[in-house]
Amino acid sequence: MARVAATDYESVPEVAVDVTPQRGTVVLKFGGTSVAGPERLRSVAKRLVAAHEDGNRVVAVLSAMGATTDELVALAHQVSAHPDPRELDMLISVGERISCALAAMAINDLGHRAVSLTGSQAGIVTDTKHGKAKIVDVRAKRIHESLDRDEIVLVAGFQGVSTSQDVTTLGRGGSDTTAVALAAALGAERCEIYTDVEGVFTADPRLVPGARKLHAVSYEEMLELAASGAKVLQLRCVEFARNHDVPLHVRSTFADSDGTWILEEDQRMLEKAMIAGVTHDVDEAVYEVASAEPATLFDALSAAGVNVDTVIQIGEGIVFSAPREDREAAESALSELGASWNEREGLGKVSIVGAGMKSHPGVAAKAFGTLAGIGVDSQFVSTSPIKIAFYVPRDDVERTVQALHKAFELAEQSAERDHG
Ligand code: ADP
Ligand code: ASP
Ligand code: MG
């Protein structure tokens, strides 16, 4: 029997940004696959030079090359069972510096001037939460000075300096957030996110080969897509983009085609297709707490830095989900409370997201009918005005995504939301 609950977003703190809008400023971000190797770094350098030759003030944010961050995290765990969070950030922030320094060398070889900066040198100030720090301020003076000297500025993504002067990192996928925060602070015209797929698709194209590239997605939909597992953009970067009105363009590093624009909601998006996509997440842990005072429970989880996602209250009991990476913190907070709890193993989350849901009551019926049709039993359901999320057995995640994708006709051309 499915149980229904709602999920809220954490609010984004107001960020003091140095907005001196400069015409022609663009921020281009390149992900790990896009910079994986000398050849790819040289082609990124060429793209940046081309944007510069077009007359733009160019700021690039680079991720670490390929799987560098994973390798650095693994290395830390080979040395220490519980790496010190401050030292772990010192270590894993190095990957993006390597990419930036190499790209700067390649740009200089092309006859343009470039300068690479760490997050700290670029003026990205964060709170003190190692491993998932939040940007609280962007002091862009140094970047402006470099741009005024006509340099291409390369900023190491995923990192900043805390208010107590330590190097911090912004959570996995955090280079997206660096890019959007800089775009907001610099008053950039747009922020281009270059990645290894052609845009935001109606489902992860690696899971659903017939998935379609969307031409336009609203900020609200992208927030829900990112929060429910579409790893193509970090959730926080979308919150930033919405709060500071930064138009985002997600596109391929390896093709010149137009990608997906993330913008304010527009009637044309909804006329074309009311569902934007189907997402899945198998990196969440689900906990059942038999009896606990909710205020005390969530206070303890918040103090431990656990990012609670879905919350469902059933009588005395509470079910909540949180990222698997927060497991240690969640378990020690629960034990300290003396609460009686257990983890619901083997669940994954499949969500359908679309702004058109607000005005189409048939969506829930169709989704539940689809699950029933393939014999998948959802354990919990969580909703927002534009999302329905089902917690289903992990082994059923893939076929549930595929069945919902088919039921909502997302492989059809109309799903693309052509914005032309
Ligand atoms: P980068 O290294 O460029 O930041 P990521 O690996 O973080 O790239 O994000 C891109 C990946 O996101 C794609 O390779 C794709 O498998 C995955 N992905 C998941 N859901 C979606 C979706 N709905 N649309 C596009 N990509 C998706
Ligand atoms: N290199 C970091 C990661 O792998 C940050 C990023 O790529 O956005 O999570
Ligand atoms: Mg990413």
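Heads up: numbering here begins at 1 and tracks the sequence. Every value quoted in this text rests on a predicted model; they were computed, and no experiment measured them. Counting starts at 1 for both ligands and their atoms, in listed order.
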Can [X] and [Y] be counted as an ion pair, charged N to O under 4.0 angstrom?
X	Y	value
Asp166	Arg86	yes
Asp137	Arg139	yes
Glu220	Arg242	yes

So, using side chain to side chain contact (heavy atoms under 4.5 Å, CB included) as the criterion, who are the partners of Ala45 when residues are at least two apart?
Ala106, Ile107, Leu110
Give the C-alpha distance, both sets of side-chain angles, the deciding distance and a yes or no for salt bridge (charged side-chain N to carboxylate O under 4.0 Å, His left out) between Arg190 and Glu192.
CA-CA 6 Å; Arg190 62 183 191 277; Glu192 307 254 356; 2.4 Å; yes
Heavy-atom contacts under 4.0 Å to ligand 1, chain-then-number order, include exactly Lys29, Gly31, Gly32, Thr195, Asp196, Val197, Gly199, Val200, Phe201, Ala203, Asp204, Pro205, Arg206, Ala230, Lys231, Val232
Geometry only, no angles: is Gly173 polar-contacting ligand 2 at N/O separations under 3.5 Å?
yes
Ser63 versus ligand 2: do any nitrogen or oxygen atoms come within less than 3.5 Å of each other?
yes
Which one of Lys231, Arg206, Arg251 satisfies the salt bridge (Lys or Arg N to Asp or Glu O under 4.0 Å) criterion with Asp196?
Arg206
Does Glu96 come within less than 4.0 Å of ligand 2, judged by its heavy atoms?
yes
Report yes or no: does Gly174 have a heavy atom closer than 4.0 Å to ligand 2?
yes
Kindly determine whether Arg172 and Asp70 satisfy salt bridge (charged side-chain N to carboxylate O under 4.0 Å, His left out), including the steps that lead there.
CA-CA 10 Å; Arg172 298 308 302 267; Asp70 289 333; 3.0 Å; yes
Ignoring hydrogens and geometry, is there a side-chain-to-backbone donor-acceptor pair from Asp176 to Gln234 under 3.5 Å?
yes
Note the single closest protein heavy atom to atom 2 (C) of ligand 2, along with its residue, its atom name and the distance in Å.
Thr69 OG1, 3.6 Å
Give the residue, atom name and distance (to 0.1 Å) of the protein heavy atom nearest atom 9 (O) of ligand 2.
Arg172 NE, 2.7 Å
Could you tell me whether Tyr194 and Phe254 have their ring centroids closer than 6.0 angstrom?
no
